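Below is one structure, written out as structure tokens, with a few remarks after it.
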Protein chains: 2
Amino acid sequence: MLEAKLSEAALLKRLLDAVKELVTDANFDCNEEGIQLQAMDNSHVALVAVKLEAVGFKRFRCDRPIPLGVNLTSLTKVLKCAKDDDICTLKAGDDADILSLTYEAKNSDRIAEYEMKLMDIDADQLGIPDTDYDASVTMPSAEFGRIVRDLSLLGESVRIEVSKEGIRFVSDGEAANGNILLKQSADASSGKKKKGSSSKRRGGGDDDDDEPDEPEEEEGADASDGEGGKRKIKKEKVKKEENGEDVEMDGADEDEEGEGEFKPTKGEDDEEGEDEDEEGSSKKRKRNSGKSKPAKKAKKEDADDDDDDDFDGVRIEMNQAVTLTFSLKYLVNFSKSSSLSKKVQLMMSNDVPLLVSYAFNQGFIRYYLAPKIGDD
Amino acid sequence: MLEAKLSEAALLKRLLDAVKELVTDANFDCNEEGIQLQAMDNSHVALVAVKLEAVGFKRFRCDRPIPLGVNLTSLTKVLKCAKDDDICTLKAGDDADILSLTYEAKNSDRIAEYEMKLMDIDADQLGIPDTDYDASVTMPSAEFGRIVRDLSLLGESVRIEVSKEGIRFVSDGEAANGNILLKQSADASSGKKKKGSSSKRRGGGDDDDDEPDEPEEEEGADASDGEGGKRKIKKEKVKKEENGEDVEMDGADEDEEGEGEFKPTKGEDDEEGEDEDEEGSSKKRKRNSGKSKPAKKAKKEDADDDDDDDFDGVRIEMNQAVTLTFSLKYLVNFSKSSSLSKKVQLMMSNDVPLLVSYAFNQGFIRYYLAPKIGDD
DNA sequence: CCTGAGATGA
DNA sequence: TCATCTCAGG
């Protein structure tokens, strides 16, 4: 039995906007931690991972883990029936054959209820290997979107070069070549670039959601994933959840690129598994106090960004220069998630999939994209 | 070696918006005076002439005349990659095989550089014959755009009738007929409506005739082009550059219309008698105007209009009534240049191509459109 | 509140 | 590929 009440239907709508282009059907894995979705696109070049923290819901209850097999096209249609500021409640029984969505106007004078059929989706519960990235770039999401859209006019792919100088996007097209350099903002360092040990992100561990609704965010729960995406760059290590079998992402054009893909963390099925390691303790969300600051001190309804850091420049943290080439088509699609956060974080290492991460109050959406091997 | 720095990329973007629909490839002729483009559309019904004065650039250097053969579709794509307020620098070597465009954010934290291949375009450097028009109408460009867009919903062509009463746009369509009358604004005359015998257009030799009517706007050359578009209506003379061989514009539908192309109006100057006086003097501002005054008292960045005259009504100056019919498709396209100037000037003589002129701080864009002969 | 751009559907 | 509708920005 799942029951999750979201204060803004807009959040779901925005999440789906980008995901539905990538995958047509996916499991929404619900458990006491919240709702997660992981799926690879049909060509196995890109992977998307979404997490909605239990604590971010106005109300959240999930008696036991349930995968909800959803056709994203249908869900998109149903979500179109919601107004952006409707309070949206998701409900599903333990048999998970029907997902009920209730939209309630803020003023309660309107209640709409939709039910959609669920399906069984073979759970390729992909584990996403932990990766320590060589370079992390945080920049305004609108700017990232603008750049990839611009370059997509000229060519098929973009070479992204991260160096101390800044981040450069280069595209060679038939008619014209283009290259855009974003210099690291002067005061970027001021932000919070704590690298270091902390950089590894821990899985979910969060709360026992007793008081889910109320965010006593203090505790790590939310903090863990929530912030995973943003503030602490992972100088040294970045880890993703490692449950799931290994993901094998094909190379953009060739598969040999394979090695680049996420290396494995075994242990699939338990999606919660992620936190086992350092996070194991996570449950005791307390520890992290590091960011005791409550989940972003209360969610801002506009969902722009999650983090308290409102620096809007370009911040680069890197161990070494990285240059990789990616398909612009995918990046343009990822950038549709810009409405979820004012900032986006790009994490790169040579021969490893790019991680494009948008963090928002209640969770995150992350995209992984295998590099093109030819580097052309 | 060309190097031209424009303070607002928006200017180029707007110029291209309209031109690219008319022509796919064109030479940007660069010389010490600035950058000019002249091209006829594929059907030879319309001609477009653009001039960007050297003085209007933030920086301009052109060692020797170079024609840059540009594919406008490619250039449009590249320009889409610029933000409107980017500082845009054009560069080309003497071999003119590559055009480099650099976009620099006002805050300099972003630098984008694009290079596009140039091509050799057989220079049909068209000379545009000088014409003295029988009627000149200056009106808000937004209004003109609105009218032609509206009428294009009803029919294919519009009959434009200019008389003392005002200017009337008439369209007969299958489903409906429409006609819009714009009366001359009450105080329009205040502007400058000089008429005069001078109204006859003359072919090339213009300028020196200072005495003829008033308008010896100094020698035709510069004056004509630079400010020709706006303030002084060309009752008497409008001169365009007369280099190049003469343009031969085909009739809109038939070619026999050929003679219709810029030929002179025989000077029926009857009605003008009224005000030539005041204007005569106006012309006097002679030569200085050419470009002595820095592009219109310093460029206003918003590029709305160029002239010092901020009268926003309809002003008509004419020697005789004129009625001509034009293809709305072209006029609608021309009106895309409305963003370049708050005003547009229409110049007409019977059986001669219509001149639609938008003047802005740094230059102008002019369109010539052959009338439909049937007058239907 | 209006205008322009982007996305979606025919 | 073009036109219509929706969303975002000024």
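Both backbone and side-chain heavy atoms feed into the values below; hydrogens, waters and symmetry mates do not. Just so we're on the same page: letters track the sequence lines, and every chain starts at 1. The structure displayed is predicted, hence computed values, not measured ones.
At least one side-chain heavy atom of A:Leu52 sits under 4.5 Å from a side-chain heavy atom of A:Phe360.
Taking the six-membered ring for Trp and thresholds of 30 and 60 degrees, B:Tyr358 and B:Tyr367 have ring planes more than 60 degrees apart, a perpendicular arrangement.
The CG atom of A:Asp150 sits 9 Å away from the P atom of C:dG6 (whole-angstrom rounding). As rounded to whole Å, 11 Å separates atom C1' of D:dG10 from atom CG of B:Asp84. C:dA7 atom C1' lies 10 Å from atom CG of A:Asp17, rounded to whole Å. Taking atom CG on A:Asn333 and atom P on C:dG6, their separation rounds to 16 Å, with Å as the unit. Going from atom NZ of A:Lys329 over to atom C1' of C:dG6 covers 19 Å, rounded to whole Å. The distance between atom CZ of A:Arg146 and atom P of D:dC7, rounded to the nearest whole Å, is 21 Å. Taking atom CG on A:Leu79 and atom P on D:dC7, their separation rounds to 14 Å, with Å as the unit. In this structure, the NZ atom of B:Lys77 is 17 Å from the P atom of C:dA5, given to the nearest Å.
Residues meeting the side chain to side chain donor-acceptor pair (under 3.5 Å) test with A:Asp109, sequence neighbours left out: A:Asn107.
Aromatic ring centroids of A:Phe334 and A:Phe144 lie 6.0 Å or more apart.
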